[in-house]
Each structure stands twice: as structure tokens, then as C-alpha cells.
Amino acid sequence: MSERPDATPDGYCTNTEPVPGTIRTINASATGPKFSHLHGRRYAQCPCGKETSLTGRDNLRRHKQPQE
Ligand SMILES: [Zn+2]
């Protein structure tokens, strides 16, 4: 497992750089109509282990690091 990025005291990850090669686009037809609002949304993995959605500029959205 790679080194974790820093987190703020309230548990938020400070990293916004996605792990290269982990970016994927949600295909809502595979998840059903309940998740159609996610269609076309792009996700990527953070080095902290969390998968989160991307902003328009391919930065990771603010997210909490997973608890162990
Ligand atoms: Zn993270």
C-alpha cells in the first residue's frame, strides 16, 4: 500500500490528485434508474484509498479518508 496523503484534523483528505489510470465514467444503465443522476459522472481513486468524484478540472472532490 502506498503512502497516505495528509488529512485535516476533521478527517478530510488534502490530496486532490487522482491516481493515474483510475479515472472512470459512471454508466447509469449498468446501475439502474435509481442512479441515473450519476450518469456520466467521473470518478477516480485517491492515494488514501477512497474513490470519489472529480471536479471539472480532474481534481478529486473534497472527501474524507477511509477509517481503518
Ligand atoms: Zn484522499
- Query: Hey, are D10 and K64 close enough for a salt bridge, meaning a charged N less than 4.0 Å from a carboxylate O?
  - Reply: no

- When rounded to the nearest 0.5 Å, the distance separating OG1 of T52 from CZ of R42 is 13.0 Å

- For the atom pair CD1 (I23) and CD (E51), what is the distance rounded to the nearest 0.5 Å? 11.0 Å

- Query: Shortest non-hydrogen contact from L60 to C46?
  - Reply: CD1-CB, 3.5 Å

- Item | Shortest non-hydrogen separation from Q65 to P5 and the atoms involved | NE2-O, 2.9 Å

- Item | Shortest non-hydrogen contact from P18 toward A44 | CB-CB, 3.5 Å

- Query: Which atom names give the shortest non-hydrogen contact between H63 and C48, and what distance separates them?
  - Reply: NE2-SG, 3.7 Å

- Less than 4.5 Å apart, any side-chain heavy atom of I26 and any of R24? yes

- Does a donor on one side chain sit under 3.5 Å from an acceptor on the other, for S53 and R61? yes

- Minimal heavy-atom distance between N15 and P47, with the atoms involved, is ND2-CD, 3.1 Å

- Please name the pair of heavy atoms, one in P66 and one in G49, separated by the smallest distance, quoted to 0.1 Å. CG-C, 4.1 Å

